[in-house]
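Report on the structure given below.
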Amino acid sequence: MQKTINGSVFRKMIMAGASLLEQNKKLVDALNVFPVPDGDTGTNMFLTIKSASSEVNNCINNSMDSLCEAYAKGALRGARGNSGVITSQILKGLTSVLGQHQEITTKIFAKAIQEGANIAYKAVTKPKEGTILTVIRTMAEAAGEAAKKHQDFEEFMEIVLDKGEEILQKTPEMLPVLKKAGVVDAGGRGLIVLFTGYYKALCGDETLTFNFDDAKPVQSVDDVIADINNLADIEFGYCTEFMIIHMLKKTTEADIDKLREKLMDIGDSVLCIGDLSLVKVHVHTNEPNRALGYALGLGEIWNIKIENMREQNRELKKNMKKVEELKPLGMVSVAPGEGLANLFTDLTVDQIIAGGQTMNPSAADIANAVSKVPAEAVFVFPNNKNIILAAEQAKALAEKPIYVVPTKNVPEGISASLAFNPEVSPEENLEAMTAALESVKAGSVTYAVRATHVDGFDLSVGEIIGLDDKAILAKGSDVQTTTENLIEKLVDEESVNITLFYGEDINEEDAEKLRASLEEKYPNCEVTAIYGGQPVYYYIVSVE
């Protein structure tokens, strides 16, 4: 019976949750309502959790406050897509409560889940029931009731998961679009998978593994030394490092673990790695003599180095100079293809983030791009409705003001960038850019990845579909006919421009053929075909 969770157990829960989500991300992707090939809820949630888990993986102690800070920070930096952003907010609330305790009971965990639900709801401007929000709220309510009767975490988590699964199965009744597609909410399923991973770890199921293919390797002593000065107040003043060699006969592997625990009691940034042939030690402490004394109980100490970090910090502060000339305003845009990236660059956008429909950039990706713009404030064009929340999340990571223009597609992003005026205030620009979005209609053409019935259409796998940001408007057996049918739904009497951004799977000859056909069909419109280079989508269409 497990009545409490400590840092060691919580670390295992985090890794198990990430592992199970990795194993099931494609299944969660398949639950996306629209049967398009860029359905990526599971992938976005996994990449968010992977970032969070990687941060925990690099945490050098098992104190709950450190683990929770790392988990929340990693989730914030890695948040991708609406599902990933909401998940990061759930974890923010969860860890804000757990991080205040070193031993977690079911009552504390229930309070933490409730705070996760509260913060997640606040993060969404217009919360919609039948989504991941409904699932986390219901799980929080169930956790509160279960904690009153159950101190054992296995029993507690079983109840929470059962209630979560129960409400998940009801999401199609709350959102007609889910019922039409015959699926439950993808984000809700991803959340259940994550918490199931937690549960498996609590049950002692250690068969789940998680490989960080692009995570930082285990830190070496040199890596830690490179990071010691960050101009923060230094609690432990002496960077102490040494090696232990020629172990005493009585020394065991368990003694190395005990040494690590003793070092954590007298400092931080602890590294104690190796085996009975050699152990490398690094610790920041105010008592290097005690660290050396502990080590002598295992063997001989060698290659000792002790540095005064406070003095290093003083010198670093003395030499710190930051000189940078900044323009008042800059722009950052997400672009899903090479041609579109070049187009935004021609429109004086400062930084381009590769991604979009097939790969949502994270909040950290957006913040990093903003940091590279030599401007006092930066406008961000997400160009995808599933990236807008991540762009908003980036505000918390950036060191300069970010103004998010809520562009849902590339044509809106182009329209917004054309409205940019470097001579007026950020507020005036934001108003003008937002107004410019109203003048453009956008659509896209791709193919169905599964058979379904949605928006009045019976679709089969591989069928060509044309859609706007709200619904599927056309279908057909070939790209050109479907694109023409889509444009027919977008054009009205006031339309004067039709622009075709053709993707990497369309050659110039076919794009020109479609352009000529549309020019003949709509003599009052100027029709242009431009190479966009985007994957998955044959055409992105703009009508103005």
Side-chain angles (χ1 to χ4, degrees), residues 32-40 177 180-181 335-337 339-340 356-358 383-387 407-415 437 439-522 524-544:
N32 281 274
V33 172
F34 283 112
V36 294
D38 63 337
D40 50 10
V177 68
K180 287 182 180 179
L340 294 171
Q357 288 123 320
T358 53
N383 298 339
N384 187 301
K385 61 184 178 182
N386 205 36
I387 301 176
T407 55
K408 300 186 295 296
N409 49 64
V410 167
E412 287 187 352
I414 293 171
S415 183
L437 308 187
S439 65
V440 61
K441 298 178 184 178
S444 55
V445 181
T446 184
Y447 57 92
V449 294
R450 59 183 170 86
T452 186
H453 178 84
V454 62
D455 296 329
F457 291 97
D458 290 314
L459 302 177
S460 57
V461 175
E463 199 162 19
I464 309 301
I465 52 177
L467 57 158
D468 62 9
D469 285 318
K470 297 179 180 178
I472 295 173
L473 302 180
K475 75 164 189 172
S477 58
D478 69 273
V479 173
Q480 177 163 331
T481 301
T482 305
T483 306
E484 290 187 359
N485 290 339
L486 170 65
I487 291 173
E488 187 175 341
K489 301 288 179 64
L490 300 176
V491 170
D492 58 30
E493 294 180 355
E494 298 180 358
S495 301
V496 293
N497 289 305
I498 301 172
T499 305
L500 305 168
F501 300 101
Y502 58 96
E504 63 181 11
D505 294 325
I506 298 293
N507 59 48
E508 185 177 359
E509 182 180 352
D510 287 340
E512 175 57 27
K513 179 181 176 182
L514 174 58
R515 188 204 66 78
S517 176
L518 291 170
E519 191 172 59
E520 183 177 346
K521 188 173 182 179
Y522 304 103
N524 295 326
C525 291
E526 181 177 345
V527 185
T528 308
I530 299 174
Y531 174 66
Q534 69 273 6
V536 176
Y537 285 77
Y538 301 116
Y539 288 101
I540 294 174
V541 178
S542 173
V543 176
E544 298 176 271

Closest non-hydrogen atom pair between [X] and [Y], with its separation:
| X | Y | result |
| --- | --- | --- |
| Val440 | Ser542 | CG2-OG, 3.3 Å |
| Pro336 | Val410 | CD-CG2, 3.8 Å |
| Leu500 | Ala511 | CD1-O, 4.5 Å |
| Leu518 | Glu484 | CD2-CG, 4.0 Å |
| Gly462 | Tyr447 | O-CB, 4.1 Å |
| Phe501 | Ile414 | CZ-CD1, 3.5 Å |

Backbone N/O of [Y] and side chain of [X]: donor-acceptor pair under 3.5 Å:
| X | Y | value |
| --- | --- | --- |
| Lys385 | Lys408 | no |
| Ser415 | Pro411 | no |
| Glu463 | Ser460 | yes |
| Ser517 | Lys513 | no |
| Asp455 | Ile472 | yes |
| Thr446 | Val536 | yes |

> More than 12 foreign heavy atoms under 6.0 Å from CD of Glu512: is that the case here?
Replying inline: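 Atom CD in Glu512 is packed in, count exceeds 12.
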
>> Looking at Lys521, I want to see if its NZ is surrounded by more than 12 non-hydrogen atoms of other residues, nucleotides or ligands under 6.0 Å.
In response: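 Result for NZ/Lys521: enclosed.
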
>> Test side chain to side chain donor-acceptor pair (under 3.5 Å) on Asn409 and Asn383; report intermediate values, then the result.
In response: CA-CA 4 Å; Asn409 49 64; Asn383 298 339; over 6 Å; no

Could you grab the distance from atom [atom1] of [X] to atom [atom2] of [Y], nearest 0.5 Å is fine?
| X | Y | atom1 | atom2 | value |
| --- | --- | --- | --- | --- |
| Ile498 | Glu526 | CD1 | CD | 10.5 Å |
| Asp478 | Thr483 | CG | OG1 | 8.0 Å |
| Asp469 | Asn384 | CG | CG | 8.0 Å |
| Tyr539 | Ile464 | OH | CD1 | 11.5 Å |
| Leu486 | Ser444 | CG | OG | 7.5 Å |
| Asp468 | Leu490 | CG | CG | 6.5 Å |

>> Is there a side chain to side chain contact (heavy atoms under 4.5 Å, CB included) between Leu459 and His453? Walk through the geometry before answering.
In response: CA-CA 6 Å; Leu459 302 177; His453 178 84; over 6 Å; no

> Could you go step by step and tell me if Leu340 and Ile540 meet the side chain to side chain contact (heavy atoms under 4.5 Å, CB included) rule?
Replying inline: CA-CA 10 Å; Leu340 294 171; Ile540 294 174; 4.2 Å; yes

> Which salt bridge (charged side-chain N to carboxylate O under 4.0 Å, His left out) pairs, counting each pair once, include a residue from residues 492-507, with sequence neighbours left out?
Replying inline: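 Counting only pairs at least two positions apart or across chains, the salt bridge (charged side-chain N to carboxylate O under 4.0 Å, His left out) contacts touching residues 492-507 are Lys441-Asp492.
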
> Should Val543 and Asn497 count as side-chain neighbours, where that means a heavy-atom distance under 4.5 Å?
Replying inline: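 Not touching, per the 4.5 Å side-chain cut-off.
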
> Listed by chain and number, what are the side-chain hydrogen bond (donor to acceptor under 3.5 Å, both in side chains) partners of Glu519, not counting sequence neighbours?
Replying inline: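 In terms of side-chain hydrogen bond (donor to acceptor under 3.5 Å, both in side chains), with neighbours along the sequence ignored, Glu519 is linked to Arg515.
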
> Of Leu514, Asp510, Val445, which is the lone residue that meets side chain to side chain contact (heavy atoms under 4.5 Å, CB included) with Tyr538?
Replying inline: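 It is Val445; the other options fail the test.
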
> After noting the C-alpha distance and the side-chain angles of Tyr531 and Tyr502, does the key distance pass the ring pair (Phe, Tyr, Trp, His ring centres under 6.0 Å) rule?
Replying inline: CA-CA 5 Å; Tyr531 174 66; Tyr502 58 96; 5.6 Å; yes

